[in-house]
Amino acid sequence: MAPSPNDRTIHNWQLYAGRYDVKTTDAHLTSIRDFEMFYGCNCFTKLRDQDAGLYRNWLVDRGNLQPDKGGLSSSTIRHRASHLASFFNWLLKQEGYRRLSPNIPDQFDLPKRQMAKVLPRENKAYPTLEEAKAMVDSMPSTTRLQRRDRAMVALAFLTALRAGALVTLRLKHLNVEAQTVTQDGTEMRAKNGKSLVVQWFPGVEVFEPFVTEWKAELEALGFNPADALFPDGKHIRRRIYEDEAIPPLRTNGPINQAFAIASAVIGKAYSPHSARHCLKALGDQLCDSAQERKAWSLNMGHESEVITNTHYGKMTSESRMQTLGQVGKNVGVSDNDIELMLKYTLNELAPGTPEHNRAKKLVRQREDLRDETSVIE
């Protein structure tokens, strides 16, 4: 392939993007090169607003085509547009490109009306909690390798860790007594090298024994804190290293295969990432306050609830219908609702927030109930 006049610039961008996860950088690079090909491999110094606009329209048109005819998925189109807007925002600040139109990044904004018709956001498939329990319970456990795989799947539903982080855990990262996992970005394949301590999520205690028993089994075999929590098959039968720590898995292949085996039993095909969606949906059911929702989101490794709500655990039509059918049928008031009403009466809630609106509704319901009771009396 002949050199491109943009190679040096794109190389400089790759150095800048080195702070991101490798997969993230590769995805952005694919989008940049795709746009470059569409642009005829001309130098980006000559780029005009309409060039970016033409590519945006070309992207949207791909949503109307079948995959075998060059069609692109909703997710691919949205990501490419986002990647390019980010790239050109960076490029406009670089020497030699500051004379480009500042409107170029905006040209990659996708038309909302047309996108709504052509590219509805795809809901990610994920198991319900009951399905997740059935998956783990059904996994074979005769061999040590099978018990390793079962523990991997169980830990995914306990912590919402991504596949890359899970398979690179070491024994020292798992604290059974404190029920935490330390994601160390310096030692693990964590997204963007992020480090955090993850508390095991509430409501999924059923998965705990599979993980705790697995760690105890390894320790009984002489495994040390620095050894891999989920070692490769050739290291799993006995501890063969004396001085060196047993290394973690090199790829996500084993956990992908473990999820394939587990979900096949219930007639589905779920990926390791589906555990994150499952836990987000569980949080929607269990969290009653803004503080609880924020804590749940942070425990998933997200900087804000916006990320959690936008990308994870979307409510299905079936769940929506079932939930709506229960509206107004629960006459009891939870402790969290009582606390919420108290804050409302003390003017501690910001007007217009979901908590303020809910508290206001609860108070009015209680007032209506009191008025009805007084009339009867």
Side-chain angles (χ1 to χ4, degrees), residues 21-23 26 127 131-176 179-191 193 198 200 204 206-276 278:
D21 180 75
V22 174
K23 288 185 177 180
D26 287 346
E131 285 181 325
K133 293 175 182 177
M135 286 168 57
V136 178
D137 285 339
S138 66
M139 294 186 72
S141 58
T142 304
T143 68
R144 191 169 295 146
L145 196 62
Q146 289 172 340
R147 292 192 292 276
R148 179 204 70 177
D149 291 350
R150 184 178 63 176
M152 279 196 295
V153 176
L155 192 58
F157 286 108
L158 272 176
T159 63
L161 285 178
R162 298 173 186 273
L166 264 172
V167 300
T168 50
L169 283 168
R170 299 177 185 270
L171 268 72
K172 64 182 179 180
H173 297 138
L174 178 65
N175 189 328
V176 171
Q179 297 187 330
T180 61
V181 171
T182 299
Q183 177 176 293
D184 188 341
T186 65
E187 293 187 305
M188 299 158 59
R189 291 202 297 273
K191 185 175 182 180
V198 178
W200 296 0
V204 289
V206 67
F207 301 114
E208 293 178 10
F210 304 110
V211 176
T212 56
E213 290 170 8
W214 171 248
K215 184 178 182 182
E217 182 175 349
L218 289 183
E219 291 173 337
L221 291 169
F223 278 60
N224 300 319
D227 291 331
L229 180 62
F230 302 117
D232 186 86
K234 63 185 177 183
H235 302 313
I236 208 170
R237 293 176 180 81
R238 60 188 178 88
R239 199 183 188 304
I240 59 175
Y241 293 155
E242 292 296 332
D243 299 324
E244 297 181 16
I246 292 179
L249 293 166
R250 299 181 63 182
T251 71
N252 296 346
I255 193 171
N256 291 334
Q257 184 177 6
F259 263 82
I261 293 172
S263 57
V265 176
I266 62 172
K268 303 290 180 66
Y270 293 127
S271 69
H273 207 70
S274 68
R276 291 175 61 82
C278 175

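- A 4.5 Å side-chain heavy-atom check between Ser274 and Phe259 finds at least one atom pair inside the cut-off.
- Atom NZ of Lys234 and atom CD1 of Ile246 lie 11.0 Å apart (nearest 0.5 Å).
- With contacts defined as side-chain heavy-atom distances shorter than 4.5 Å, the pair Pro247/His235 qualifies.
- Side chain of Gln257 to main chain of Gly253: no donor-acceptor pair is present (N/O by atom type, distance under 3.5 Å, no hydrogens or angles).
- Panel note: side chain Asn175, backbone Thr180; no donor-acceptor pair is recorded below 3.5 Å.
- Checking Leu166, Val176, Leu174, Val211 one by one against Val181, the side-chain contact (heavy atoms from CB on, under 4.5 Å) holds for a single residue, Leu174.
- Leu229 is listed as a side-chain neighbour of Leu155, based on a closest heavy-atom distance under 4.5 Å.
- Closest of all the heavy-atom pairs between Tyr270 and Glu131 is OH-OE1, 3.3 Å.
- No donor-acceptor pair closer than 3.5 Å links the side chain of Asp149 to the backbone N or O of Gln146.
- Of all heavy-atom pairs spanning Ala151 and Phe210, the tightest one is CB-O, 3.7 Å.
- From Leu145, atom CG reaches atom CG of Asp232 across 8.5 Å, with rounding to the nearest 0.5 Å.
- Put simply, the side chain of Arg147 gets close to the backbone of Thr142: a donor and an acceptor are under 3.5 Å apart.
- Here the shortest heavy-atom pairing between Arg276 and Ala160 reads NH1-O, 2.5 Å.
- Remark: Glu217 CD to Glu213 CD distance equals 9.0 Å, nearest 0.5 Å.
- Nearest heavy atoms, Pro231 versus Arg148: O-NH1, 2.7 Å.
- Inter-residue side-chain proximity for Gln183 and Thr159 is flagged as unmet; no heavy-atom pair is nearer than 4.5 Å.
- Here the side chain of Arg170 pairs a donor or acceptor atom with the backbone of Ala226 at under 3.5 angstrom.
- Pro254 is listed as a side-chain neighbour of Met152, based on a closest heavy-atom distance under 4.5 Å.
- Counting heavy atoms from C-beta on, the side chains of Val167 and Phe230 never come closer than 4.5 Å.
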When you look at Ile255 and Leu249, which way does the side chain to side chain contact (heavy atoms under 4.5 Å, CB included) test go after all the steps?
-> CA-CA 10 Å; Ile255 193 171; Leu249 293 166; over 6 Å; no
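- Counting only heavy atoms from C-beta outward, the side chains of Val265 and Met135 never approach each other to under 4.5 Å.
- Between the NZ atom of Lys133 and the CG atom of Asp137 there is a distance of 9.0 Å, given to the nearest 0.5 Å.
- Proximity of Thr168 to Glu187: side-chain heavy atoms (C-beta onward) are nowhere separated by under 4.5 Å.
- In this structure a side-chain-to-backbone donor-acceptor pair under 3.5 Å is present from Arg189 to Arg250.
- In this structure, Gly164 and Asn252 approach most closely via the heavy-atom pair CA-OD1, 3.5 Å.
- Taking every heavy atom of both residues into account, Ala156 and Ala275 meet most closely at O-CB, 3.7 Å.
- Going from atom NE2 of His273 over to atom SG of Cys278 covers 12.5 Å, rounded to the nearest 0.5 Å.
- Ring geometry, Phe207 versus Phe157: the interplanar angle falls under 30°, so the pair is classed parallel (tilted spans 30 to 60°).
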